[in-house]
> 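There's a structure below that I have some questions on.
What you see is a predicted model; the values in this text were computed from it and never measured.
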Amino acid sequence: MNSTIDFSDILLESIAENGTFYEFDTELLTEKISKALAYCLLFVISMAGNILILSAIYRDKRLRTNVNILAFNVAICDILATLVQLPVQTVYAINSYKWAIGGKAGAILCKFGCFHVDLCFAVSVYSCLFVAIDRYYAVAHPFKGGRFSRSTLKYIIPGIWIFAGIICLPTLYNVDLAKYNEHFYCIEDWLENDQVSLPKYYYFYILILLTNGMPFFAVAAR
């Protein structure tokens, strides 16, 4: 069974109209090198900054407050995203945004990479949501209950990861490796039998609602 998909005529027309791929083929070598160096610099800064956060919270017990523990969780997300995504983006920039690996291995890496991006983003958003809720009760109702205990956080943080993983699972189905002009591309395929797939279409908006809309309204409601 072929592990890659072929572009349909409808998708090709869309790509041609939007210039999704062709614009990168005309980039100068200096532009590719500049992007790669920028990603490398971002990698160093991100790793150094987040490791310092993890080290400070781990070593000093006085810093292990609810907010800082959630910030610890966000820092872990940032490190995971940095380790996985920035090397991929660096290769992408050098390779004119073509996927370097084909076959089943390439398809698996394509799916995992996109799932990983969505997962880290969702975990960071929901961690910040609980930070906002904790701060709300600390400022608006300092003498009332509602803030999270340390034992509660032990369930909240794994719950954030599990919930984020569940809502991002459809990404593994929507994303696939496609071959065009002897090159591979990691794309979100919104078509099914040359027509827009409604389940995929609705999932896109549901994911936006869950990762952007719901946290915003939850904070606003406070």
> At their closest point, which heavy atom of Cys77 faces which heavy atom of Cys120, and how far apart are they?
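Looking at all heavy atoms of both residues, the closest pair is O-SG, 3.7 Å.
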> Quick one: pull up CG in Asn73 and CG in Asn68 and give me the separation to the nearest 0.5 Å.
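Separation between the atoms: 12.5 Å.
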> Check the pair Val123, Phe163 against side-chain contact (heavy atoms from CB on, under 4.5 Å), reporting the backbone distance first and the verdict last.
CA-CA 9 Å; Val123 170; Phe163 180 72; over 6 Å; no
> What pair of heavy atoms forms the shortest contact from Leu153 to Pro158, and how long is it?
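Scanning both residues completely, I find the closest heavy atoms to be O-CD, 4.1 Å.
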> Group every Ile, Leu, Val, Met, Phe, Trp and Tyr by side-chain heavy-atom contacts under 4.5 Å, then state whether Val44 and Leu86 land in the same group.
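Val44 and Leu86: separate clusters.
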> Working to the nearest 0.5 Å, report the span between SG of Cys40 and CD1 of Ile45.
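So the SG of Cys40 and the CD1 of Ile45 are separated by 11.5 Å.
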> Quick check: is Val91 connected to Tyr39 through a chain of hydrophobic side chains (ILVMFWY, heavy atoms under 4.5 Å apart)?
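Tyr39 and Val91: separate clusters.
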> Taking the two cysteines Cys114 and Cys186, decide whether their SG atoms are closer than 2.5 angstrom.
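Taking the criterion (SG atoms under 2.5 Å apart), Cys186 and Cys114 fail it, so no.
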> Is there any side-chain hydrogen bond (donor to acceptor under 3.5 Å, both in side chains) pair reaching into residues 40-49, and which pairs are they, with sequence neighbours excluded?
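Sorted pair list: Ser46-Asn50, Ser46-Thr82.
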> Tell me, do Ile157 and Phe130 make a side-chain contact under 4.5 Å, heavy atoms counted?
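They are not in side-chain contact.
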> Over all heavy atoms of both residues, which pair between Phe115 and Thr171 is shortest? Give the atoms and the distance, please.
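Closest heavy-atom pair between Phe115 and Thr171: N-CG2, 3.8 Å.
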> When rounded to the nearest 0.5 angstrom, what is the spacing between CG in Leu109 and NZ in Lys104?
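Here the interatomic distance stands at 14.0 Å.
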> Would you confirm whether Trp99, through its side chain, and Leu177, through its main-chain N or O, come within 3.5 Å as a donor-acceptor pair?
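Checking the backbone N and O of Leu177 against the side chain of Trp99, no donor-acceptor pair under 3.5 Å is found.
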> Let me know which of Leu129, Val74, Leu119 forms a side chain to side chain contact (heavy atoms under 4.5 Å, CB included) with Ser124.
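When side chain to side chain contact (heavy atoms under 4.5 Å, CB included) is applied between Ser124 and each of Leu129, Val74, Leu119, only Val74 qualifies.
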> Which heavy atom of His116 sits nearest a heavy atom of Leu80, and at what distance?
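Smallest heavy-atom distance, with atoms named: CE1-O, 3.1 Å.
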> Hey, could you give me the CD1/CD1 distance between Ile162 and Ile167, rounded to the nearest 0.5 Å?
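The distance works out to 13.0 Å.
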> Remaining members of Val84's ILVMFWY cluster at a side-chain heavy-atom cut-off under 4.5 Å?
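Under the 4.5 Å side-chain rule, Val84 groups with Phe112.
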> Do Leu54 and Phe72 come within less than 4.5 Å of each other through their side chains, counting heavy atoms only?
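Side chain of Leu54 against side chain of Phe72, heavy atoms only: contact under 4.5 Å found.
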> Tell me whether Ile156 shares a hydrophobic cluster with Val67, the cluster being built from Ile, Leu, Val, Met, Phe, Trp, Tyr side chains joined at under 4.5 Å.
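In one cluster: yes.
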> Side-chain heavy atoms under 4.5 angstrom apart, residues restricted to Ile, Leu, Val, Met, Phe, Trp, Tyr: same cluster for Val88 and Leu172?
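Yes.
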> If you take all heavy atoms of Lys111 and Val175, which pair is closest and at what distance?
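Closest approach of Lys111 to Val175: NZ-O, 2.7 Å.
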> At what distance, to the nearest 0.5 angstrom, does NZ of Lys35 lie from OG1 of Thr90?
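So the gap between those two atoms works out to 12.0 Å.
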> Following the transitive rule for hydrophobic clusters with a side-chain heavy-atom cut-off under 4.5 Å over Ile, Leu, Val, Met, Phe, Trp and Tyr, establish whether Ile51 and Ile57 coincide in one cluster.
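Yes, Ile51 and Ile57 fall within the same hydrophobic cluster.
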